[in-house]
Engineer: 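What follows is a structure written as structure tokens; I'll ask about it next.
Convention: sequence-line order gives letters A, B, ...; per-chain numbering from 1.
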There are 2 protein chains.
Amino acid sequence: MVPKAGFSREDLCLVCQDTATGYHYGVPSCNGCKTFFRRTIMKRQKYICQNENNCPVDKSIRCACRFCRFEKCLQVGMNKNALQQSREPIGYTKRTRRVPRKVSFDSSLSEEDSSVGTPERITPPESPEEVYSLSDNYLKVLSSREKCANDLRLSEYLPKRSLKEALCSKPLLSDPNFMNKHGYPSLRHTFSELRFIQQSDYHYWHERDWFLLTEYAKSFEIFQYFPYEDKVQLVRHAGITIPVLVQCFNSPNMGPDTVVFPDGAYFDRTHEPSRPAGLNKKKYQMLDLVLKPMRDIQVDHVEFAAFKAITFLNPDAEISLESKRIITDERVAITKQLYSYMVRKDGIEIALERFSRLILMSSSMSKMACESKEAVWIADFFMNIGFSNFAKELFFGENEDENEMKMWS
Amino acid sequence: MVPKAGFSREDLCLVCQDTATGYHYGVPSCNGCKTFFRRTIMKRQKYICQNENNCPVDKSIRCACRFCRFEKCLQVGMNKNALQQSREPIGYTKRTRRVPRKVSFDSSLSEEDSSVGTPERITPPESPEEVYSLSDNYLKVLSSREKCANDLRLSEYLPKRSLKEALCSKPLLSDPNFMNKHGYPSLRHTFSELRFIQQSDYHYWHERDWFLLTEYAKSFEIFQYFPYEDKVQLVRHAGITIPVLVQCFNSPNMGPDTVVFPDGAYFDRTHEPSRPAGLNKKKYQMLDLVLKPMRDIQVDHVEFAAFKAITFLNPDAEISLESKRIITDERVAITKQLYSYMVRKDGIEIALERFSRLILMSSSMSKMACESKEAVWIADFFMNIGFSNFAKELFFGENEDENEMKMWS
DNA sequence: CGTTTGTGGTCAAAGGTCAG
DNA sequence: TCTGACCTTTGACCACAAAC
């Protein structure tokens, strides 16, 4: 693209002697020969001369023999290497060609200024506008799945079933018939009539959110291929963290320390003496490690969907090595897309900050998962809180011996 | 001049790998990508990818997909705000400096001077912005500090002292006199004469690595300002993870399941019946959750230094809210710096993959921290393993009552 | 006060378009 | 179909100002 010294508009195309429009592929040449050369190379076209391979080539008859025209292009020095890789199509929406000008002798030197001379001053955008990307296909899937899960959470639907039934039955979230029938809010779940939470509310929402967790798990394609024992372990490992995440994110913001459930039950930093000390402590962890950071970062629903998936797909669960590998790969893929999404949304500076904070929350989630299981176990064992059979299956396995093993392993 | 070790790609455009002409909008880049980025922003252009939004972008085909090219510009960190927003026909803003040059100490990474103590940052961070700008040097500081720590680990030096003495005494790693005197390898610590590990070896290396942990902790400038109780909690929380990290990273690669200590003691996946079941299980976790991933990712020493700091600066420890905040900010700053380093080293695609895998390891570390404390407690309580007083202080606190509280809280 | 660095602008020369 | 006048995009190079 360095202007060749000494070129003037009077120069002629070295191929056909037409008026040259500049240097093309290293040679002063006209538009026609330039385009002809490029097309020939790009389409790898081969020509054959009908005569003696020495046809004359000039402006009037340059189209007569393509073989000899191309030969001439090469002879005068057109350089194949000056061709570039195909570019993206521009796709003109409409023909913006100027009104054909009458050709005159002097217009060629002065015409530029009329249209090009005073372009309006282009200024950068004042504010960053939304640049949402379609590149994050998986994120969109996760996000709409999250929407369905929330619809179901607000509904009345809550089946009684064993853990095995829950994990092996047909997925509901991806079933349009089911969702049409049940996926609308219950009148009781409209976040109205606030009242302080009671034991029965905790139970109700834990049961609901554990039910939702099993459906959420099944909504991952990879999940169906895992051995049953891995499914149980994965859901068990997420048994505390996912409900906590869901409860925090879906709570309307009624102050920094308040979590509201859809039926209006709420809790805050109030110490509840009737609950085991461990569960009170977990409540504070939930406020400090999840609610506050998520509000600080201002996690949006796409980011939430991704982070929830990252939290669920935890290779630290006690599953087979093959399942660990699959889960890790899935997790990394989501993490990468999440980063891309955040960069597009906020720009690199802010995105890297928010991304780091969000991803580093996963270590807090792990801590909660680990400690809470212990606390739940102790709560049940010593306080006789009375979990449902489903919850006991979820956390403790099918029999008491297994529990003992877990406690001391 | 600070040598640019590890920044081998600095002369290449991070977007397309063409020769970079300098930093543009915050990123080493070529003229083409620079101009492309500016034009896209100025003209508010939106592109659509014809494929899967993951087109490769390099010198030869960078024009093939403008969507993916622009996406990559953002990914590698091109900053929209670096475009000048002035309404004047020509407006210039302040240049964006990438490395503050005012600090003149630079012995950190020079070759032979490893015995010299690591200088800490001279001025404490007054604002988040200052932390960020200084953090360009932060990885270098962490990396050379790590070198000192390893020198001390290989030495003979191992004082007997209480936890309080350890945490409140003068930092040794940054003391050139001390490091000159003691920071050279012991003859016994040369990784020769392999032999299977014994109980006494475990004890010896745990004691060494706990000693090193306290010195490592003190090497953080923020650490000295924490209340004593927070210091204890922070070190306690890192009591398992940091030694495990150090042992894995510094072990020569003698196969996928083998960890070798400097004196030649090694362990592998062999079940050791004489050890408590919990500690055997932790050993497997160490191999699966730390050794294997670190070798898969091929963590280099700068990345290791950063990840170790991220692991140590864990806001999940039971410390005051103010300390949590300080630690989180420090952690996030290191994380951002680590990401930048990896992008410079590997390019965006590989870096994002490796970064995600590495950062997500922090949740495994949290799990280990949580479960291991429990296992250590049980090991001591039931198996009478016989930890030193120092270890007991580290893990269980000063008195038995505190232990009981922790167990059931 | 000169050098280095990173802005924005320029325009020759690439590639793409579509009536003829 | 192929052609080529016309159009858009690209990037090497330049001037300028701020930082060093």
Engineer: Which residues within residues 34-46 of chain A lie with some heavy atom under 4.0 Å of an atom in DNA chain C?
Structural biologist: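 A:K34, A:R38, in order of number.
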
Engineer: May I have the distance from A:L83 (atom CG) to C:dA13 (atom P), rounded to whole angstrom?
Structural biologist: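 From A:L83 CG to C:dA13 P: 15 Å.
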
Engineer: Heavy atoms under 4.0 Å, any strand shown: does A:S86 hit a base, just sugar-phosphate, or nothing?
Structural biologist: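 Touches sugar-phosphate only.
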
Engineer: Please determine, for the side chain of A:I90, which listed nucleotide (D:dT8, C:dG6, D:dT10) has the closest atom?
Structural biologist: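 Among D:dT8, C:dG6, D:dT10, the one nearest the side chain of A:I90 is D:dT8.
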
Engineer: Any idea which heavy atoms bring B:I297 and B:L358 closest together, and the distance?
Structural biologist: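 Closest approach of B:I297 to B:L358, heavy atoms only: CD1-N, 3.8 Å.
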
Engineer: Could you work out, with ring pair (Phe, Tyr, Trp, His ring centres under 6.0 Å) as the rule, every residue matching A:Y25, not counting sequence neighbours?
Structural biologist: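 Residues passing ring pair (Phe, Tyr, Trp, His ring centres under 6.0 Å) with A:Y25: A:F37.
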
Engineer: Starting from P on C:dG15, measure out to CG on A:N31 and report it in whole angstrom.
Structural biologist: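 In whole Å, C:dG15 P lies 13 Å from A:N31 CG.
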
Engineer: In whole angstroms, how far is the C1' atom of C:dA14 from the NZ atom of A:K80?
Structural biologist: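 About 18 Å, once rounded to whole Å.
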
Engineer: Can you figure out which of C:dG15, D:dA12, D:dA5 approaches the side chain of A:Q84 most closely?
Structural biologist: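 The answer is C:dG15.
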
Engineer: Show every salt bridge (Lys or Arg N to Asp or Glu O under 4.0 Å) that has at least one partner inside residues 24-37 of chain B, sequence neighbours left out.
Structural biologist: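 For residues 24-37 of chain B, and leaving out neighbouring residues, there are no salt bridge (Lys or Arg N to Asp or Glu O under 4.0 Å) pairs at all.
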
Engineer: Just compare D:dG4, C:dG15, C:dT7 and give me whichever is closest to any side-chain atom of A:R69.
Structural biologist: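 That would be D:dG4.
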
Engineer: In whole angstrom, give the distance that lies between atom CD of A:Q85 and atom P of D:dG11.
Structural biologist: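 Distance check: A:Q85 CD to D:dG11 P gives 13 Å.
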
Engineer: Do the side chains of A:T335 and B:L360 get nearer than 4.5 Å, heavy atoms only?
Structural biologist: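 Yes, close enough: below the 4.5 Å cut-off.
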
Engineer: Could you tabulate the donor-acceptor pairs under 3.5 Å formed by side-chain atoms of residues 42-54 of chain A, not counting sequence neighbours?
Structural biologist:
| from | atom 1 | to | atom 2 | distance (Å) |
| --- | --- | --- | --- | --- |
| A:Q45 | OE1 | A:Y47 | OH | 3.3 |
| A:Y47 | OH | A:T40 | OG1 | 2.9 |

Engineer: Once side-chain hydrogen bond (donor to acceptor under 3.5 Å, both in side chains) is applied, do any residues pair with B:Q75, and if so which ones, sequence neighbours excluded?
Structural biologist: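 Partners of B:Q75 by the side-chain hydrogen bond (donor to acceptor under 3.5 Å, both in side chains) criterion, ordered by chain and then number, come out as A:S340.
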
Engineer: Within this structure, what is the CG-to-C1' distance between B:N79 and C:dT7, rounded to whole angstrom?
Structural biologist: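 Checked: the CG to C1' distance equals 13 Å.
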
Engineer: Pull out every residue in residues 48-66 of chain A that has a heavy atom closer than 4.0 Å to any atom of DNA chain D, ordered by number, or say none.
Structural biologist: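 Heavy-atom contacts with DNA chain D come from A:R62, A:C63, A:R66.
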
Engineer: Name the nucleic acid region contacted by A:H24, choosing base, sugar-phosphate or nothing; use a 4.0 angstrom heavy-atom cut-off, strictly under.
Structural biologist: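 Sugar-phosphate contact only.
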
Engineer: At less than 4.0 Å, is any side-chain N or O atom of B:Y23 found next to OP1 or OP2 of D:dA19? Yes or no.
Structural biologist: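 Checking D:dA19 against B:Y23, no side-chain N or O comes under 4.0 Å of OP1 or OP2.
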
Engineer: Reckon A:Y47 has a side-chain N or O less than 4.0 Å from the OP1 or OP2 of D:dC2?
Structural biologist: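 No, outside the criterion.
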
